[in-house]
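Scroll down for the structure; my scribbles are underneath it.
Below, each value reflects all heavy atoms present in this structure, side chains not excepted, and no hydrogens, waters or symmetry copies. To find a chain, count down the sequence lines: A is the first, B the second, and so on, and within it residues start at 1.
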Protein chains: 2
Amino acid sequence: MNHEIVDIETKMLDNWRKAMPSASIVLRSAISSGGHGPAIRWCRLRAGEKQAEVLPGLLALAPEGRVVVLADEPGDALTLEVLAAGAVGCCNTHAAPEVLQQVALVVGNGGLWVGQSLLQQLVGNAARVLAQRQPVGESATMLNGLSEREWQVAKLVAGGASNKEIADRLSIAERTVKAHLTAIFEKTGARDRLQLSLKVNGMNR
Amino acid sequence: MNHEIVDIETKMLDNWRKAMPSASIVLRSAISSGGHGPAIRWCRLRAGEKQAEVLPGLLALAPEGRVVVLADEPGDALTLEVLAAGAVGCCNTHAAPEVLQQVALVVGNGGLWVGQSLLQQLVGNAARVLAQRQPVGESATMLNGLSEREWQVAKLVAGGASNKEIADRLSIAERTVKAHLTAIFEKTGARDRLQLSLKVNGMNR
DNA sequence: TTGACTATTGCACCAAAGTACAATTTTTCG
DNA sequence: CGAAAAATTGTACTTTGGTGCAATAGTCAA
């Protein structure tokens with residue numbers, strides 16, 4: 001993994017060095033705009049600094065990079081701000097090296113890094129909303145009146161499984177899977193498994 | 001890290017064994033209540049099972065442990081439910097070993113594990129901003145250095161197009177589309193067009 | 001210029017996906 | 001119980017997806 005640490009001075013903290021020994025360190029004023037940027041840019045936000053004065057410029061210069069903010073004074077509000085600005089994570093400047101590596105792992109795989117307290121608040125909100133408008137029984141019959149079995153097959157297909165894998169998972173013959181799929185295609189209007197996947201995952205329509 | 005896998009049978013899936021070779025496997029009916037429990041308990045929720053019938057008992061018996069749910073049929077709603085019940089994570093039963101180890105790392109350090117699609121919903125506006133930024137950046141760095149042409153093909157595949165349709169759209173032979181796809185599969189690690197679609201659309205994790 | 005990389009295409013071939021036609025078993029419900 | 005619907009499976013077939021091998025041609029940088 002290719003890392004770059006952006007700060008207003010080049011002196012690194014020990015925990016950064018331990019977490020990412022191979023990272024390059026650059027001044028904010030000397031960010032490379034062209035070429036292939038690093039996989040992950042770690043941008044330090046020092047105490048008292050406003051993220052709005054630092055992040056936009058950085059993100060504009062390197063739109064292809066994933067930016068994680070290292071905040072001297074982290075908080076849930078700040079995290080929300082930097083995510084809204086386009087960063088993919090926000091954590092404490094003085095986090096342990098192991099934590100930083102963990103962040104790198106998650107972010108490197110396309111994830112977002114959010115602190116636990118904020119996440120729990122968000123989860124709490126969503127749980128309340130979902131509890132009200134998600135009758136549990138719905139999931140069984142949605143998508144144009146699929147039967148329970150057909151819905152099982154549809155979900156597995158949507159997850160990328162092959163017919164053989166689905167057959168093994170459900171302990172039925174591969175031919176039966178195909179029969180279900182034919183029925184599913186008919187009911188949903190999908191042309192093939194890929195378009196079904198898009199429908200199930202809500203990417204279509 | 002001390003692991004315990006809880007299921008209704010003791011036969012482990014291959015990916016679990018690879019991810020946690022030293023884990024102990026126990027039946028749900030034989031959970032050790034006293035003494036020092038494992039650092040992380042992985043509780044499998046098989047297809048059709050209700051988390052409400054499994055989790056509360058497990059959490060009551062071992063209040064000190066961190067429980068991660070391995071769901072045969074994962075989903076955002078289920079994730080919210082199990083987190084609300086007291087679990088610290090929820091992921092796919094058939095997740096790759098590397099993913100499971102990542103989950104163990106996050107959970108072991110006090111984090112919560114949430115799938116990307118749910119997290120993005122939770123973060124809401126911030127995620128929407130990100131969703132628009134991602135495709136641009138991914139063409140250059142993410143998705144393992146695809147060429148411009150390959151990226152065009154990948155996007156069309158992700159949209160549900162057939163090889164013939166892609167060929168017509170790009171005014172090239174269908175054979176050429178296949179050639180690009182072979183290269184794309186190699187670079188991205190996708191097994192077929194459906195899994196590529198999931199990767200491009202960010203449904204994977 | 002030469003080497004590395006990308007784009008393009010053909011031919012042959014195998015594997016997976018999907019359809020047509022037909023049959024049996026299980027479940028559900030009045 | 002008996003009818004209807006859903007689930008299951010088989011054989012055979014067509015189509016699409018994907019790979020291996022090989023060749024031609026353009027671009028870009030050392």
Notebook entry, point to check: Which nucleotide in the list C/dT9, D/dT9, C/dG18 gets nearest to the side chain of A/L181?
Noted result: C/dG18

Notebook entry, point to check: Does a distance-only test, which skips hydrogens and angles, find a donor-acceptor pair under 3.5 Å between the side chain of A/R175 and the base of D/dT11?
Noted result: yes

Check: Taking it one step at a time, do A/I172 and A/V177 satisfy side-chain contact (heavy atoms from CB on, under 4.5 Å)?
Finding: CA-CA 7 Å; A/I172 55 180; A/V177 175; 3.9 Å; yes

Next item on the list: Round to a whole Å and report the spacing from CG of B/D168 to P of D/dT16.
Entry: 12 Å

Check: Within the structure shown, what part of the strands sits under 4.0 Å from A/R149 by heavy-atom distance: base, sugar-phosphate, or nothing?
Finding: sugar-phosphate

Next item on the list: Choose from D/dG17, D/dA7, C/dA17 the nucleotide whose nearest atom is closest to any side-chain atom of A/R193.
Entry: C/dA17

Checklist line | Nucleotide nearest B/K178 (side chain, heavy atoms from C-beta), chosen from C/dG18, D/dG18, D/dA7 | finding: D/dG18

Note to self: I need the CG-C1' distance between A/L194 and D/dG17, as an integer number of Å.
What the structure shows: 12 Å

Check: To the nearest angstrom, how far is B/L146 atom CG from C/dA7 atom C1'?
Finding: 15 Å

Notebook entry, point to check: Backbone N or O of A/A161 within a donor-acceptor pair of the A/R193 side chain at under 3.5 Å?
Noted result: yes

Notebook entry, point to check: In whole Å, what is the span from the CD atom of B/E165 to the C1' atom of D/dT16?
Noted result: 12 Å

Notebook entry, point to check: Which part of the nucleic acid does B/A179 contact within heavy-atom distance under 4.0 Å: base, sugar-phosphate only, or nothing?
Noted result: base

Margin query: Under 4.0 Å from OP1 or OP2 of D/dG20: is there any side-chain N or O of B/T182 that close?
Written below: no

Check: Is the backbone N or O of A/I184 less than 3.5 Å from a side-chain atom of A/T188, with the two atoms forming a donor-acceptor pair by type?
Finding: yes

Checklist line | Protein-nucleotide distance (A/E150, atom CD; C/dG18, atom P), rounded to Å | finding: 15 Å

Check: Considering residues at least two apart in sequence or located in another chain, which fulfil the side chain to side chain donor-acceptor pair (under 3.5 Å) criterion with A/T93?
Finding: A/D72

Note to self: Taking 4.0 Å as the cut-off, does a side-chain nitrogen or oxygen of B/N163 come that near to OP1 or OP2 on D/dT16?
What the structure shows: no

Check: Which of these nucleotides, C/dA17, C/dT9, C/dA7, is closest to any side-chain atom of B/A173?
Finding: C/dT9

Notebook entry, point to check: Rounded to the Å, how far apart are B/E148 CD and C/dC5 C1'?
Noted result: 15 Å

Notebook entry, point to check: On DNA chain C, nearest-nucleotide positions of B/D192 versus B/E174: which is more 5'?
Noted result: B/E174

Margin query: Strictly below 4.0 Å: does A/T176 bring a side-chain N or O up to OP1 or OP2 of D/dA7?
Written below: no

Checklist line | Whole-Å gap separating P (D/dT16) and CZ (A/F185) | finding: 14 Å

Next item on the list: Can you figure out which of C/dA7, C/dG18, D/dG17 approaches the side chain of B/S147 most closely?
Entry: C/dA7

Checklist line | From B/D168 atom CG to B/S162 atom OG, the distance as rounded to the nearest 0.5 Å | finding: 8.0 Å

Checklist line | Spacing of B/L196 atom CG relative to D/dG18 atom P, expressed in whole Å | finding: 9 Å

